[in-house]
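Please read the structure below before turning to the comments.
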Amino acid sequence: MSFNVDILFKIAAIGIAIALLNQILSKAGREEEAMMVTLAGVIIVLAIVIKMISEFFEAVRVFVAF
């Protein structure tokens, strides 16, 4: 398992896109939709992080098995 920097860029891009959408929706008076977009972004990033943690624990389990 190697750490891939692309994942960091992907998470940063998602954060920037969500921040832009949040600001646009907030300025348009759609605060509820802005909150839903922010929540969706958090869930997407959380799924990516959980996948990374799962891969880490799998690598540790394989390493300890030797």
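Keep in mind it's a predicted model, so treat the numbers as computed, not measured. Residues: numbered from 1 along the sequence shown.
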>> Once rounded to the nearest 0.5 Å, what's the spacing between atom CZ of F9 and atom CD1 of I16?
In response: 10.5 Å

> Out of curiosity, does V49 fall in the hydrophobic cluster containing F57 (side-chain heavy atoms, cut-off under 4.5 Å, transitive links)?
Replying inline: yes

> Between CG of L39 and CD1 of I18, what distance do you get to the nearest 0.5 Å?
Replying inline: 10.0 Å

> Any link between V45 and F56 through a network of hydrophobic side chains (Ile, Leu, Val, Met, Phe, Trp, Tyr) touching at under 4.5 Å?
Replying inline: yes

> Has the side chain of S26 got a donor or acceptor atom that lies under 3.5 Å from a matching backbone atom of N22?
Replying inline: yes

> Going through the checks in order, is the side-chain contact (heavy atoms from CB on, under 4.5 Å) test met by E31 and L25?
Replying inline: CA-CA 6 Å; E31 285 81 18; L25 289 170; over 6 Å; no

>> Test of understanding: clusters of I, L, V, M, F, W, Y form through side-chain heavy atoms closer than 4.5 Å, transitively. Do M35 and I24 belong to the same one?
In response: no

> Hey, what do you get for CG (L8) to CD1 (I48), rounding to the nearest 0.5 Å?
Replying inline: 10.5 Å

> Is M36 reachable from V42 through a run of I, L, V, M, F, W or Y residues, each pair having side-chain heavy atoms under 4.5 Å apart?
Replying inline: no

>> Starting from I7, can I reach L46 by hopping between I/L/V/M/F/W/Y residues whose side chains sit under 4.5 Å apart?
In response: no

